[in-house]
A.B. asks: 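Please find one structure pasted underneath; my questions will follow.
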Amino acid sequence: MIWKEILIRYGELSTKGKNKMDFIRRLRENIRYSTADLGHLTIRTEHDRMFIALDNEEMKDALVERLQHVFGIQSFSPVAACGKDIEEMKQLAKDVMKQYEDQTYTFKVEVKRTDKKFPLESHALQRVIGATVLSTYPNLKAQMRKPQIEMRVEVRMDAVYIMAQVIQGAGGMPIGSNGRSVLMLSGGIDSPVAGYLMMKRGVRLDAVHFFSPPYTSDNSLEKVKDLAKELTKFGANVRLHVILFTEIQLQIKEDVPENMSMTATRRMMLRAVDKVREDINALAIVTGESLGQVASQTLDSLTAINDVTTTPILRPLIAYDKLDIIDIAQQIGTYETSIRPYEDCCTIFTPANPKTKPKVEKVAHYEERSDYEVLLDRAVKNREIYVYPEKKKVEDKFADLL
Ligand code: ATP
Ligand code: MG
């Protein structure tokens with residue numbers, strides 16, 4: 001096998017100053033976590049890059065696939081190695097470029113010689129290797145400025161290293177580097193996308209779902225579980241807290257005039273989520289709300305709902321158009337699950353004419369008719385918690401990441 005290691009570039013992390021060591025440590029842990037089934041990896045970290053040693057060809061292919069989903073990686077490259085012999089180097093350069101033989105590309109060679117005792121100096125090496133590659137692959141065209149493929153040859157003390165392919169990473173920041181938040185996860189299109197965007201910014205998520213049987217069916221709960229599972233493919237566990245909401249919704253229906261019941265329902269949801277947040281020591285709440293999308297998402301509505309807490313509410317989709325949200329949902333693979341038919345606890349109790357400018361004082365006044373604090377505490381206390389991914393055994397060393 002010609003492959004020696006995978007080189008990982010951090011990109012955005014490089015600019016993070018004093019938090020950098022923490023970010024690098026997180027990234028290394030997250031890489032280990034999302035590749036746990038591939039066996040133990042030997043990972044070496046440097047100031048602005050990281051190296052994973054490769055044992056065999058399958059491991060290289062598996063890592064190339066996995067690393068593309070790990071947040072905090074800007075790009076990465078498989079690196080090949082050989083002895084410090086010019087014939088071996090020519091052969092390796094040809095092997096590394098074989099993957100590009102089918103199409104036309106512009107190309108150049110860059111040589112770095114750390115071992116100054118190596119008989120050929122950098123320019124001579126560049127010419128020899130460039131000529132070998134160009135004569136082997138006639139589809140390649142030499143171009144010094146911004147070529148599509150830049151082959152890097154490094155003559156180090158121990159061996160010669162060659163790489164050509166630069167694979168785009170997922171960008172963003174390692175999950176966990178920006179604390180933990182609670183995602184309000186419905187079965188719709190928006191909230192999984194909101195969760196994904198926050199994970200990309202390094203936020204670790206617990207999800208909360210409100211479920212109102214018999215008005216909502218087991219199928220709709222299954223769907224939400226599937227969405228929670230799908231969010232784990234970005235390299236972190238997701239805990240799903242399911243809260244039975246029927247009793248509270250029926251009480252709201254009794255206490256609050258129909259055109260304000262939506263606002264009251266959202267306010268109760270937020271109060272319940274805030275209790276879960278406090279219980280698990282999370283910092284913020286994430287929703288899939290987008291300004292103006294429905295009656296409960298006008299600025300007046302959001303303000304009336306938001307009034308029940310001072311906890312920061314992160315709404316990554318607030319300025320997104322629905323079509324852009326759908327695009328992301330398709331890219332990250334949650335769309336197909338999200339469009340499975342289901343009843344949402346809110347849709348079922350949705351009044352025909354919800355107020356788009358609800359008055360906080362009025363809603364609060366009707367809410368005083370029952371002791372919602374007691375109902376909410378009970379619902380939150382009796383919640384069911386599921387941990388995803390389900391079967392993968394999480395080793396002890398990852399326990400603190402849960
Ligand atoms: P989504 O596609 O996420 O369902 P939506 O456009 O249908 O969004 P709403 O149903 O008004 O919008 O919900 C707004 C936000 O409130 C959702 O994005 C989600 O964060 C939260 N939410 C709605 N219903 C529930 C629920 N049953 N459980 C938990 N959170 C919910
Ligand atoms: Mg919804």
Side-chain angles (χ1 to χ4, degrees), residues 181-198 205-213 215-217 219-225 227-228 230-231 238-246 248-249 252 261-277 284-298 301-302 304-306 308-309 311 313-330 332 334-351 354-356 358 376 379-380 383-384 386:
S181 293
V182 180
L183 169 68
M184 295 180 68
L185 184 63
S186 69
I189 296 168
D190 305 334
S191 44
V193 173
Y196 159 81
L197 289 175
M198 293 321 299
L205 291 179
D206 271 48
V208 173
H209 178 69
F210 295 94
F211 177 54
S212 301
Y215 305 97
T216 53
S217 68
N219 283 344
S220 71
L221 183 57
E222 279 312 306
K223 175 179 177 178
V224 172
K225 288 180 179 174
L227 287 170
E230 274 167 37
L231 288 175
V238 172
R239 268 187 310 202
L240 174 65
H241 307 248
V242 177
I243 297 180
L244 271 187
F245 207 49
T246 319
I248 293 171
Q249 283 197 288
I252 292 172
S261 64
M262 174 60 96
T263 312
T265 307
R266 296 292 180 181
R267 283 160 59 90
M268 294 307 159
M269 279 189 174
L270 198 51
R271 281 168 69 177
V273 171
D274 214 16
K275 287 176 190 290
V276 174
R277 181 202 58 78
I285 295 168
V286 179
T287 76
E289 287 158 323
S290 168
L291 194 62
Q293 203 184 77
V294 286
S296 59
Q297 295 174 26
T298 61
S301 279
L302 292 175
I305 296 163
N306 213 146
V308 300
T309 181
T311 300
I313 301 181
L314 309 177
R315 301 179 175 96
L317 301 179
I318 198 72
Y320 277 56
D321 289 346
K322 191 76 186 187
L323 287 178
D324 296 331
I325 300 172
I326 290 175
D327 262 358
I328 302 177
Q330 282 169 334
I332 66 173
T334 53
Y335 184 72
E336 291 303 319
T337 311
S338 286
I339 59 171
R340 260 154 47 189
Y342 86 117
E343 325 80 26
D344 183 49
C345 61
C346 298
T347 359
I348 283 161
F349 290 90
T350 300
K355 274 201 180 307
T356 52
L376 288 168
V380 168
R383 71 189 188 269
E384 283 195 53
Y386 304 84

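None of the values given here were measured: they were computed from a predicted structure. For ligands, and for the atoms within them, numbers begin at 1 and follow the listed sequence.
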A.B. asks: So which of Pro192, Ser186, Ala207, Ser220 gets nearest to atom 4 (O) of ligand 1, if we judge by its closest heavy atom?
C.D. replies: Ser186

A.B. asks: Would you check whether Ile189 has a nitrogen or oxygen atom less than 3.5 angstrom from a nitrogen or oxygen atom of ligand 1?
C.D. replies: yes

A.B. asks: Please compare Gln297, Met269, Arg266 and report which has the shortest non-hydrogen distance to atom 12 (O) of ligand 1.
C.D. replies: Gln297

A.B. asks: Please evaluate residues Glu230 and Thr337 with respect to the criterion side chain to side chain donor-acceptor pair (under 3.5 Å), reporting the C-alpha separation (whole Å), side-chain torsions for both, the decisive distance (0.1 Å), and the verdict.
C.D. replies: CA-CA 9 Å; Glu230 274 167 37; Thr337 311; 2.6 Å; yes

A.B. asks: Sub-3.5 Å donor-acceptor pair from the side chain of Thr298 to the main-chain atoms of Gly292, do we have one?
C.D. replies: no

A.B. asks: Which of the numbered atoms in ligand 1 are below 4.0 angstrom from a heavy atom of Thr287?
C.D. replies: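 It comes down to these atoms of ligand 1: 20 (O).
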
A.B. asks: Between Gly187 and ligand 1, does any nitrogen or oxygen pair lie at a separation below 3.5 Å?
C.D. replies: no

A.B. asks: Within the structure, does Asp190 bring an N/O atom to less than 3.5 angstrom of an N/O atom in ligand 1?
C.D. replies: yes

A.B. asks: Is there a donor-acceptor contact under 3.5 Å from the side chain of Arg267 to the main chain of Ala304?
C.D. replies: yes

A.B. asks: Heavy atoms only: give me the nearest Leu314-Ser181 pair and the separation to one decimal.
C.D. replies: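 Looking at all heavy atoms of both residues, the shortest contact is CD1-OG, 4.3 Å.
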
A.B. asks: Are any of the N/O atoms in Met184 less than 3.5 Å from those in ligand 1?
C.D. replies: yes

A.B. asks: Under 4.0 Å from ligand 1, counting heavy atoms only, is it the side chain of Leu185, its backbone, both or neither?
C.D. replies: backbone

A.B. asks: Can you name the side-chain contact (heavy atoms from CB on, under 4.5 Å) partners of Ala379, sequence neighbours left out?
C.D. replies: Ile243, Ile248

A.B. asks: Which one of Val182, Thr309, Ile313 satisfies the side chain to side chain contact (heavy atoms under 4.5 Å, CB included) criterion with Asp274?
C.D. replies: Thr309

A.B. asks: Would you kindly specify which portion of Leu183 sits under 4.0 Å from ligand 1, judged on non-hydrogen atoms: side chain, backbone, both or neither?
C.D. replies: neither

A.B. asks: Sequence neighbours excluded, which residues qualify as salt bridge (Lys or Arg N to Asp or Glu O under 4.0 Å) partners of Glu222?
C.D. replies: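 Salt bridge (Lys or Arg N to Asp or Glu O under 4.0 Å) check on Glu222 returns Lys225.
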
A.B. asks: Do Asp190 and Glu289 come within less than 4.5 Å of each other through their side chains, counting heavy atoms only?
C.D. replies: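 No, side chains not in contact.
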
A.B. asks: Going by the order shown, which atoms of ligand 1 are within less than 4.0 Å of some heavy atom of Gly188?
C.D. replies: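 Checking each atom against Gly188, I get 1 (P), 2 (O), 4 (O).
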
A.B. asks: Under a 4.0 angstrom heavy-atom cut-off, which atoms of ligand 1 come close to Val208?
C.D. replies: 29 (C)

